[in-house]
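Below is one structure, written out as structure tokens; the observations come after it.
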Amino acid sequence: MSQDNQTLQQRREKAESLEELGVKLYSNRFKPANIVRDIVPKGENLQAEEHDQSAESFSIAGRIMSMRKFGKAAFCNLADRSGQIQIYLKKELLGDEEFEKFKKWDIGDIVGIEGTIFKTKVGELSVQAKAMTMISKSMRPLPEKWHGLTDVETRYRQRYVDLIVTPESRATFRKRVEIIRLVREYLNNLGFMEVETPMMQAVPGGATAKPFKTHHNALSMDLFLRIAPELYLKRLLVGGFERVFEINRNFRNEGLSTRHNPEFTMLEFYQAYATYEELMDLTEDMVSSICQAVNGSMEIQYQGTNVNLAPPWKRLTMDESLVEIAGIDPELLKDDQAVLALAKEKGIKLEPQSGPGKAKTELFELLVEEKLIDPTFITSYPTEVSPLARRNEDDPTVTDRFELFITGRELANGFSELNDPVDQKERFEKQVADRGNDEEIHPEVDYDYIRALEYGMPSAAGEGIGIDRLVMLLADAPSIRDVILFPHLKPETTPDQGRMEKNDNAEESNN
RNA sequence: GGGUCGUUAACUCAGUCGGUAGAGUAUCUGCCUUUUAAGCAGAGAGUCGUUGGUUCGAGUCCAACACGACCCA
């Protein structure tokens, strides 16, 4: 704390002298009648140096972002949720007493202003203050006005500061909110119901991933944070909710990267009597129209690369992509042994029980995935890697499934759902048997889900879209941490903190 | 988990060959009633990420650790 001494102390002293002048440092009396966005149009017809003849009074509240003080007058920039406007304060108008109080104001304070509007010499619309109210005194200085806050660690840890001073960051999160709103609107318009299913699950199913474990004391049982909502949403199809979706968090206990946060937001939706082909059409239309709405165009740049989201999007089977993009001989793909040998040659390590389907998928990830820049649906995923997808009726080694790739990254995964309880049970059991030596993956057969299928689930197709990755794409964000308000970081260390003690505790809880 | 880079004032950054810790912004004091990176004059502000080591002497060299970024698995 000692490093903050000087600034904090100075601010405290100012705060005290304001209190002595009778100012409440944290008043909740001020109710702004206006926001900046409302005031701006009122000044449209004013000339430079002209005051609003109607003398209409406005009141606004916000944070002081900058100050330019003169002896007996000053200009400030005030920011509220809708924008920024300049405030002009002069001693002559406010009176000696109020102006003395103003001198103790700092950049970062949240204040209320009442006044009339005018334009300055250079034509900037400003509010001339006739009354001023302290709403919240700031005790810490804001980052430098010109460079702003560039240290990414501080931006992620102290997002509140980032949001105050980084307009791009505010814009990204507003865009995120808008994208999610548009997804909801799109699905609602098609008659989908938004539902919430369990985040804590006794059997973490619906994907292959390492779950987080937690414990319920009263029930004295372990629970897992969900890795996917899939099996619950399909239970709702059984229950007769024929179009459902959920936008919520999934949790995966795996590595962190620019594309992976331990908790991430997923859209999953299920539509009875649809097939995966209809979902490809839906996805193409939904994503491209949302892009048009938030970016004004379907042609965007992602980190300097042009991406065209205008439909129709390319559709390739996995085998076609291996031939067209990886340049693999189509004859080779027909020979299971040759496929396995090629995977080995490329340095892919496979479990002993892995078949050609797994090998093809690995080859795809290695040789094709990153080359899919414009949106591309890859279809005909091997049954081996698709435990929940419906088999293709003509070729049972593949499923009626697609994944969507944009800028070399997986954005969506969808398929025609498996609704045959016998087939589903066999596949679950095989998955458990095949888990290999990875105990953490934790596959278990969800027998209640099998029972649900035994009551009869309508034919259906379902899909998951990674919302964080969609926002990254549409907001041109390089890291998933730029689109998550509070991304996961290790606890920060401070010199005067008992770090050693913390480490001891951590070790104990690991054991 | 591995590799590379980074961590110096509240913020953005310099810091040469190992020899008294620097700038701009912010802050404080004075002047200043249309500025907008306002201006002028002056002042204060540092656990150089942490802990060790080498050295007469370490922000600088070495090691370990912490946190972060990027790449790889």
Side-chain angles (χ1 to χ4, degrees), chain A residues 1-15 17 46-51 64-79 84-96 99 102-109 117-129 138-158 161-162 164-166 254-260 303 346-349 362 365-366 370 440 478-482 487-503 506-507:
Chain A
M1 299 302 112
S2 56
Q3 66 266 29
D4 297 326
N5 249 347
Q6 192 199 20
T7 315
L8 286 179
Q9 200 177 323
Q10 281 172 350
R11 293 269 173 126
R12 265 196 301 273
E13 284 166 10
K14 268 192 195 178
S17 56
L46 290 176
Q47 303 296 311
E49 291 191 271
E50 185 189 352
H51 285 249
I64 299 173
M65 300 306 291
S66 62
M67 276 179 141
R68 293 169 293 281
K69 289 188 185 177
F70 303 83
K72 298 183 182 65
F75 289 94
C76 299
N77 284 83
L78 195 76
Q84 278 198 29
I85 195 164
Q86 182 167 269
I87 307 296
Y88 181 52
L89 302 107
K90 61 175 175 177
K91 193 172 183 175
E92 188 188 334
L93 209 67
L94 289 164
D96 291 0
F99 202 77
F102 164 71
K103 283 183 177 172
K104 306 281 180 188
W105 284 12
D106 289 299
I107 293 172
D109 291 350
I117 57 171
F118 74 105
K119 273 190 178 164
T120 64
K121 272 186 194 169
V122 293
E124 178 164 352
L125 180 66
S126 307
V127 176
Q128 181 169 269
S138 172
M139 305 302 274
R140 287 179 182 271
L142 288 178
E144 194 222 6
K145 62 187 170 192
W146 192 241
H147 296 93
L149 189 58
T150 62
D151 179 58
V152 292
E153 185 175 350
T154 311
R155 291 184 52 208
Y156 298 154
R157 282 194 200 282
Q158 296 178 246
V161 179
D162 182 41
I164 293 170
V165 301
T166 317
E254 295 168 359
L256 283 70
S257 78
T258 48
R259 291 182 293 284
H260 300 85
Q303 300 296 298
K346 296 286 182 188
I348 293 164
K349 286 183 186 132
E362 294 279 340
E365 286 175 7
L366 182 69
E370 67 179 17
E440 291 177 77
S479 168
I480 197 167
R481 294 183 193 103
D482 296 319
H488 184 78
L489 295 173
K490 290 195 182 183
E492 66 184 312
T493 49
T494 53
D496 55 340
Q497 215 174 4
R499 181 69 198 176
M500 289 308 292
E501 195 185 331
K502 274 195 159 182
N503 281 342
E507 275 165 31

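Just so you know, these numbers use all the heavy atoms, side chains as well, and skip hydrogens, waters and symmetry mates.
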Separation between the [atom1] atoms of [N] and [M], rounded to whole Å:
N	M	atom1	value
B:A37	B:C31	P	25 Å
B:G39	B:G22	P	25 Å
B:G18	B:A58	P	14 Å
B:U47	B:U8	P	12 Å
B:G59	B:G49	C1'	12 Å
B:U20	B:G57	C1'	12 Å
B:C61	B:U16	P	9 Å
B:A21	B:G46	P	13 Å

Margin query: Show me the pairs that pass salt bridge (charged side-chain N to carboxylate O under 4.0 Å, His left out) and involve residues 145-154 of chain A, at least two apart or across chains.
Written below: A:Glu153-A:Arg157
Checklist line | Any side-chain heavy-atom pair of A:Leu78 and A:Gln84 under 4.5 Å | finding: no
Next item on the list: Please examine the side chains of A:Ile85 and A:Leu125, heavy atoms only from C-beta on, and report whether any two atoms are closer than 4.5 Å.
Entry: yes
Distance check needed: [N] [atom2] versus [X] [atom1], whole Å only.
X	N	atom1	atom2	result
A:Glu49	B:U35	CD	C1'	13 Å
A:Met139	B:A26	CE	C1'	16 Å
A:Asp151	B:U25	CG	P	22 Å
A:Lys119	B:U35	NZ	P	16 Å
A:Ile85	B:U35	CD1	C1'	15 Å
A:Leu256	B:C72	CG	P	16 Å
A:Glu370	B:C72	CD	P	8 Å
A:Leu125	B:U34	CG	P	18 Å

Item checked: Pairwise distance CD1(A:Ile117) to CD(A:Glu50) - rounded to 0.5 angstrom -> 10.0 Å
Item checked: Interatomic distance, A:Lys103 atom NZ to A:Lys72 atom NZ [nearest 0.5 angstrom] -> 8.0 Å
Item checked: Nearest-neighbour nucleotide for the A:Pro143 side chain, B:A69, B:C11, B:U34 considered -> B:C11
Next item on the list: Name the closest nucleotide to the A:His147 side chain, picking from B:A69, B:U12, B:U25.
Entry: B:U12
Next item on the list: Give each stem of RNA chain B as a range with a range, requiring at least 3 consecutive Watson-Crick or G-U wobble pairs whose two distances are under 3.5 Å.
Entry: B:1-7 with B:66-72, B:10-13 with B:22-25, B:27-31 with B:39-43, B:49-53 with B:61-65
Base, sugar-phosphate or nothing for [X]? Non-hydrogen atoms, less than 4.0 Å.
X	result
A:Ser66	nothing
A:Leu142	nothing
A:Gly148	sugar-phosphate
A:Asn77	nothing
A:Tyr156	sugar-phosphate

Give a yes or no on whether the backbone of [Y] and the side-chain of [X] come within a donor-acceptor separation of less than 3.5 Å.
X	Y	result
A:Glu144	A:His147	yes
A:Asn77	A:Ser66	no
A:Arg259	A:Ser479	no

Notebook entry, point to check: Side-chain donor-acceptor pair under 3.5 Å between A:Tyr156 and A:Asp482, yes or no?
Noted result: yes
Next item on the list: If a pair satisfies side-chain hydrogen bond (donor to acceptor under 3.5 Å, both in side chains) and one of its residues is in residues 119-128 of chain A, list it, with sequence neighbours excluded.
Entry: A:Gln86-A:Ser126
So, is [X] close to the [N] phosphate, meaning a side-chain N or O under 4.0 Å from OP1 or OP2?
X	N	value
A:Arg68	B:U35	no
A:Lys490	B:C67	yes
A:Thr150	B:C13	yes
A:Arg481	B:C70	yes

Item checked: 5' precedence on RNA chain B between A:Met67 and A:Gln86 (nearest-nucleotide basis) -> A:Gln86
Notebook entry, point to check: When you match A:Val152 and A:Phe75 each to their closest nucleotide on RNA chain B, which lands nearer the 5' end?
Noted result: A:Phe75
Next item on the list: For A:Tyr88, enumerate each residue passing the ring pair (Phe, Tyr, Trp, His ring centres under 6.0 Å) test, keeping only those at least two apart in sequence or located in another chain.
Entry: A:Phe75, A:Phe118
Check: Got a sec, which residues hit ring pair (Phe, Tyr, Trp, His ring centres under 6.0 Å) with A:Phe99, two or more places apart in sequence or on another chain?
Finding: A:Phe102
Checklist line | Summary of protein contacts for nucleotides 28-33 of chain B, nucleotide by nucleotide, where a base hit scores B, a sugar-phosphate-only hit scores S (4.0 Å, heavy atoms) | finding: S---BB
